[in-house]
Amino acid sequence: SAVSSDLPIIIKNGYIRNFIGDGLATATSAASLVVHNVHVDDCLDGIDSIGTANLIDCSARNCAGDGIRINSSGRSAVVRCIAENNALDGIQIDNGSARDCSAFLNGAAGFLSGSDTTLSGCVSQNNITGFSTSAGATLDNCVASINTGSGFACSTSTTLINCAARSNGSIGFITSNGSAFENCSARLNTLEGFVTGAGSVVTNCVAASNQEDGFQLNSDTRIFNCAADGNGTAGANFAGIRGSSDTTIDSCTVTDNPTGIIGGNGGFVTRCAAAGNTTPYDMTGTDHGLIITPAGGFTSSNAWANISY
């Protein structure tokens, strides 16, 4: 008898190895998959679905293409899955979410996601790019480390919360316009810690020991209550925080950078503190609060003042 197209195909508890084609693939977008505890090794693509799929506790290793690829307009989910040592992307999901997944040693992105996807609790290590996301993605509690390129390379309107980029070979975080960062950290990256798109907001973040700028802000960005320490190890031209046109830098602390804060033309800098930088502030073309030194006690009650010590 005919099987209803509303019923998913369920595949559980198996190993697929050594196929010249895909390990597990759907032939039609009408097929809906539920795959639990299936492990694919040494195939073309590991798990490849062009329909909606829910993958739980699966893995794809040593494949000649992508590890896990879900190319579906329906909302899919990848949970507690591992992609390791695949020639292309580790985990690619066009629409839906990935939670508590890991991607190691893949030949392209550890995670590649489409618009409005959610990535939570995921780890991407030793890939080319850690996380590459399209517009409207949300990433929380994700870690990108020791990737050859950038840790996080994200499109417009991205939200990043409690994420960390460490020891990546390019930029820690780079996003396009209208993105938001909260409680994120970038450390020991080869280029900048953070590069924001225009009109973004950065709150409660830390950039430390990155070789170029700690924070590089594009126009109309606001950064609040952030810290930049020991950045610019590659040369004297770098800064803890580098503003640009119409950026606002508020209540930030910069320590031990070549230049603490570069305000940017038309920018505004207020209530910041700078210590141990070669040049505390470069306010060329920048509106800013009074800069005071607190030796012997504060000499100003101006609430908008910046401090150099």
Side-chain angles (χ1 to χ4, degrees), residues 135 149-160 163 165 168 170-187 189-274 277-291 304-308:
S150 296
F152 295 82
C154 304
S155 188
T156 57
S157 304
T158 301
T159 300
L160 297 114
C163 293
N168 297 288
S170 184
I171 299 165
F173 296 87
I174 180 168
T175 65
S176 194
N177 300 348
S179 295
F181 300 82
E182 184 176 354
N183 297 330
C184 295
S185 65
R187 300 178 185 275
N189 298 289
T190 300
L191 300 181
E192 295 88 352
F194 295 80
V195 177
T196 74
S200 296
V201 177
V202 186
T203 307
N204 298 331
C205 293
V206 176
S209 302
N210 300 288
Q211 292 188 27
E212 298 192 358
D213 295 330
F215 296 89
Q216 188 178 105
L217 313 177
N218 276 300
S219 60
D220 305 312
T221 291
R222 183 173 187 264
I223 182 170
F224 175 76
N225 201 35
C226 292
D229 175 65
N231 300 287
T233 56
N237 296 324
F238 300 111
I241 301 175
R242 182 185 298 271
S244 61
S245 60
D246 301 327
T247 52
T248 298
I249 303 171
D250 186 354
S251 302
C252 294
T253 300
V254 289
T255 51
D256 302 324
N257 307 283
T259 300
I261 294 175
I262 298 174
N265 189 40
F268 179 57
V269 180
T270 182
R271 299 183 294 196
C272 292
N277 305 284
T278 305
T279 301
Y281 297 95
D282 179 351
M283 298 298 198
T284 305
T286 306
D287 293 321
H288 59 89
L290 178 70
I291 299 173
W304 302 100
N306 299 289
I307 299 171
S308 178

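Please read all numbers here as calculations on a predicted model, not as lab measurements.
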Give a yes or no on whether the backbone of Val254 and the side-chain of Asn277 come within a donor-acceptor separation of less than 3.5 Å. yes

Search all heavy atoms of Phe238 against all heavy atoms of Gln211 and return the closest pair with its distance. CD1-O, 3.9 Å

Short side-chain to backbone donor-acceptor contact, Asn306 and Gly289, under 3.5 Å: yes

Is there side-chain contact between Phe224 and Val202, with heavy atoms separated by less than 4.5 Å? no

Main-chain N/O of Ile174 paired with Ser150 side-chain donor or acceptor, under 3.5 Å: no

Set of side-chain hydrogen bond (donor to acceptor under 3.5 Å, both in side chains) partners for Asn265, sequence neighbours left out: none

Mind checking what makes salt bridge (charged side-chain N to carboxylate O under 4.0 Å, His left out) contact with Arg222, not counting sequence neighbours? Asp250

Report the residues that fulfil side chain to side chain contact (heavy atoms under 4.5 Å, CB included) with Thr159, sequence neighbours left out, ordered by chain and then residue number. Thr138, Ile161

For the student: nearest non-hydrogen atoms of Thr278 and Pro258, plus distance: CB-O, 3.1 Å

Not counting sequence neighbours, list each pair that qualifies as a salt bridge (Lys or Arg N to Asp or Glu O under 4.0 Å) and has a residue in residues 256-268. none

Under 3.5 Å donor-acceptor, Thr190 side chain and Asn168 backbone: yes

Is a side-chain donor or acceptor of Asn210 paired with a backbone partner of Asn231 at a separation under 3.5 angstrom? no

Quick one: closest heavy-atom pair of Cys272 and Tyr281, and the distance? O-OH, 3.1 Å

Donor-acceptor contact below 3.5 Å, side chain Ser244 vs main chain Ser219: yes

Which class fits the ring pair Phe173 and Phe152: parallel under 30°, tilted 30 to 60°, perpendicular over 60°? parallel

Tell me, which pairs form a salt bridge (Lys or Arg N to Asp or Glu O under 4.0 Å) where one or both residues lie in residues 228-246, sequence neighbours left out? Asp213-Arg242

Return yes if some donor-acceptor pair links the side-chain N/O of Asn225 with the main-chain N/O of Asn204 below 3.5 Å, else return no. no

Applying salt bridge (Lys or Arg N to Asp or Glu O under 4.0 Å) as the test, list every pair that has at least one member in residues 278-287; sequence neighbours left out. none

Any sub-3.5 Å donor-acceptor pair from Ser179's side-chain atoms to Thr158's backbone N or O? yes

Whether the side chain of Asn177 engages the backbone of Ala198 through a donor-acceptor N/O pair (distance < 3.5 Å, no angle test) should be reported. yes

